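Just so you know, these numbers come straight off a predicted model, no measurement behind them. The residues of the chain are indexed from 1 along the displayed sequence. First listed ligand is number 1; within each ligand, the first listed atom is number 1.
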Amino acid sequence: MASGDLLLRAHAGAPVLARAFPCRLRVPASCRRGLMCPLAAAKTDVAGRVRPSGAAAVQRRRQRDADERLSFSRVVTRRDAVDEDEEDVEGEALQLGAVTSGGESGGVDGSYLSNTRFDQCAVSPLSLKAVKDAGYERMTEVQAATLPIILQGKDVLAKAKTGTGKTVGFLLPAIEVISTLPHQRNQLRPAINLLVMCPTRELANQVATEARKLLKYHRSLGVQVVIGGTRLTQEQRSMQANPCQILVATPGRLKDHLENTPGFSTRLKGVKVLVLDEADRLLDMGFRRDIEKIISSVPRERQTLLFSATVPEEVRQISHVAMKKDYRFINTVKEGDEETHSQVSQMYMIAPLDLHFSILYDVLKKHVAEDADYKVIIFCTTAMVTKLVAEVLSQLKLNIREIHSRKSQSARTKVSDEFRRSKGLILVSSDVSARGVDYPDVTLVIQVGIPADREQYIHRLGRTGRKGKEGQGLLLLAPWEKYFLGTVKDLSISEAAVPAVDSSVETEVKNAVRKVEMKSKECAYQAWLGYYNSNKTIGRDKSRLVHLAEEFSQSMGLPVPPAIPRNILRKMGLSNVPGLRSS
Ligand SMILES: Nc1ncnc2c1ncn2[C@@H]1O[C@H](COP(=O)(O)OP(=O)(O)OP(=O)(O)O)[C@@H](O)[C@H]1O
C-alpha cells in the first residue's frame, strides 16, 4: 500500500495549503474537505504547465527505476570510454542506487527508512544498545547504503535528501572504526581519532549531541565541540578537563586552535576518520582555505566521508581535494527524482517589495489560525535584514524568535534549544539555520528574497518535511527576482496568488514598521545593498541596484534611503554610484 500511503499523506496537507496559499489551480470543495485533491495528483510548474505528481509520478518513477536497472550495464560500458578513474566510481554509484532505492527498500515511495534493521549489520553490541536507546530500529536509506562501505574502509561521498539521517549515517560507522583502536580511559590529551567539520555552530552542537547518544556505552570515548563565539581559552580548558577522541568543529575555530593551542596539532595527527558534513558548503570558496589548511594538518592515511543533500557537479570535481581517488559516490536520490521531498508542497509568490511585510503577516496569521501546533521558520537574506523582519513581526504580536550571526552565541543557543523543544513559534533566521539543523515538526518554511543559490533553497526548504513528515514551503520574491525560478524549475514549485490585503491590515503593518528603530532600518538597508550587490545578476547594473535598494528603503517606510559610511561604500565598490548617500 505504499503508493496509497503517499496519496493519503499528500491529501492530508492539501486543505491547509490551499487556504494558506491560494494557488492558481482551483481547489474543489472535495479537496477542502480533505478528500481527493487535484493538487496532490497534478501541480503546475513555473511556466504554468501541469506536472504529474503523487500517484502518477510514483507510477512513472517506478517505470523509470525498472528501465534504469535494465540499462545499468549499458551505462557502465558507455562510461568506460569517458574517464577511467571516474568510471569505477560512477559504476559503483549507479549499482548502489539501483539496489538501495528500488521497490522494497521504500525510497521511491517517499519513505526514508530502509528494510534493514541495525541489528542485522556488523555493528558492535555497545553501539547497537545505544542505537536502540535512541529509538532507532530500522536504518534510513542512506545509512543502509553507506554503512557497509564505510566499514570496508572506503572514502565515501554521499548524497541523500534533507532530514533522512545522514548524521547517524557517518557517525555510527566512524565510531565503529575508531572504537577498535586502543584507548586509555583517563588519558588527559588523547589523540583525536574522529574529526567532524560543520559549517555552522548550531549544526556542530547538534552533531556532538547525536555522537553523545551513540557513545552512551562506549565509556572510553569522549566528544568535544569547538565552535567559536566563546573564548578560545574557555574551549582550551574544556578540552583539557574533558579528554576526547572525537572532535566536532567549525572551520574558523579549528584553525584558531591549530595556531594557538599548544599540543593541538599533535593531537590531530591521530585522525583516522575525517568527516565534512555539508561537504559542498565546506568545499565552496568561503571555507575552502580553512578546510585546505585543516586537511593538510591531518594524516594522509585516513578515511574521509563527505555528506550532503546537494552535491553540485563542481563539488564532485574538487572532492579529490579531500578524498582518495577510489572513493565511492553513493547517491540515494535517484536520477530523475527531485532533490526535494514530494510530501512538502512548494509555492512561490511574486509581489512588489512594499507588499512583503503585509503578505508575510497575512500568510502567518492564516497559518497560525489553522494549525495550533504551528512551527515556522522565515529565512531572510542577511543577519541585519533578519533582525528587521523579526522586529516588524514582533510588533505585530506574533510569537517571534530571532537567530543570526550578530547575536551572541549564548542567545543563539538559547533560541535554538527553545525552538527545538517548542511549538507555536516563528523563528526568523539568517542562513545559520539553513543547513543540517534538525528542528522537529516544522510546519512551514518561508524564504523572503532570493536564496544564495539553488542548493541553499533546497537546504532551507529541508528544515520542514523531515523524517517523512509533511511540510509547506513558500518563496516570496520581488518581480525582479523572478529569474531565480529558472534554477529550480525541475522542482515541483507552483505559483500562489498574492493575497488581497485589506486596508486595516495594511495600516497595522505600517504602524508596526514605523515603530521599529531607525538604527535597525539603517543596518538592514546597508546589509540589503551588500547582499544584492554581490549577486551576479542583480549586482551587475549598479544604477538599477540603487533604484531597487530605494524600493527596499521605502518598504521600511523611509522615503529617503539612509546614508552609508564612506568606507563601507568603498568596500562594496559603490563609492561613486549616483543615488547613494555617504556619511
Ligand atoms: N534510523 C533512524 N530511525 C529513525 N530516526 C532516525 C534514524 N536515523 C536518524 N534519525 C533521526 O532523523 C532525524 C534527521 O536526521 P539528520 O538530522 O541526521 O538528517 P540529515 O539527513 O542530516 O538532514 P540535513 O540534510 O537537513 O542535514 C533526526 O531527528 C535523527 O535523530
Salt bridge between [X] and [Y], side-chain N to carboxylate O under 4.0 Å?
X      : Y      : answer
Arg281 : Asp431 : no
Asp441 : Lys375 : no
Glu339 : Lys159 : yes
Asp326 : Lys324 : no

With heavy-atom distances below 4.5 Å as the criterion, would you say the side chains of Leu475 and Leu461 are in contact?
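Counting from C-beta outward, Leu475 and Leu461 never come under 4.5 Å.
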With a 4.5 Å heavy-atom cut-off, do Gln447 and Tyr348 have their side chains touching?
no
Does Arg302 have more than 12 heavy atoms from other residues, nucleotides or ligands lying within 6.0 Å of its CZ?
yes
Surrounding NZ of Lys129 (heavy atoms of other residues, nucleotides or ligands, distance under 6.0 Å), is the total greater than 12?
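Counting other residues, nucleotides and ligands, NZ of Lys129 stays at 12 neighbours or fewer.
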Check each heavy atom of [X] against ligand 1 and say whether those closer than 4.0 Å belong to the side chain, the backbone, both or neither.
X      : answer
Glu210 : side chain
Lys467 : side chain
Arg138 : backbone
Arg435 : neither
Val437 : neither
Thr167 : both

Within a distance under 4.0 Å of any heavy atom of [X], pick out the atoms of ligand 1 and give their elements.
X      : result
Leu113 : 3 (N)
Phe118 : 1 (N)
Glu278 : 27 (O)
Lys161 : 21 (O)
Gly163 : 14 (C), 19 (O), 20 (P), 21 (O), 23 (O), 24 (P), 25 (O), 26 (O)
Thr164 : 19 (O), 20 (P), 21 (O)
Arg463 : 26 (O)

Nearest-neighbour protein heavy atom for [atom], which is reported as residue plus atom name and distance:
atom                    : answer
atom 21 (O) of ligand 1 : Lys166 NZ, 2.8 Å
atom 28 (C) of ligand 1 : Asp438 OD2, 3.0 Å
atom 19 (O) of ligand 1 : Gly165 N, 3.2 Å
atom 27 (O) of ligand 1 : Gly436 CA, 3.0 Å

Please determine if [X] has a nitrogen or oxygen closer than 3.5 Å to a nitrogen or oxygen of ligand 1.
X      : result
Arg466 : yes
Gln143 : yes
Tyr136 : yes

Geometric cation-pi criterion, Arg316 with Phe329: 6.0 Å, 45°:
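That pair qualifies as a cation-pi contact.
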To check you understand the geometry: which heavy-atom pair defines the closest contact between Ala130 and Lys216, and what is its length?
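Shortest heavy-atom separation between Ala130 and Lys216 comes out as CB-CB, 4.3 Å.
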Minimum heavy-atom distance Val223-Ala208, with the two atoms named
CG1-O, 4.2 Å
Decide salt bridge (charged side-chain N to carboxylate O under 4.0 Å, His left out) for Arg435 and Asp280; before the verdict, give the C-alpha distance in whole Å, the side-chain angles of both, and the deciding distance to 0.1 Å.
CA-CA 11 Å; Arg435 283 173 175 256; Asp280 55 327; 3.0 Å; yes
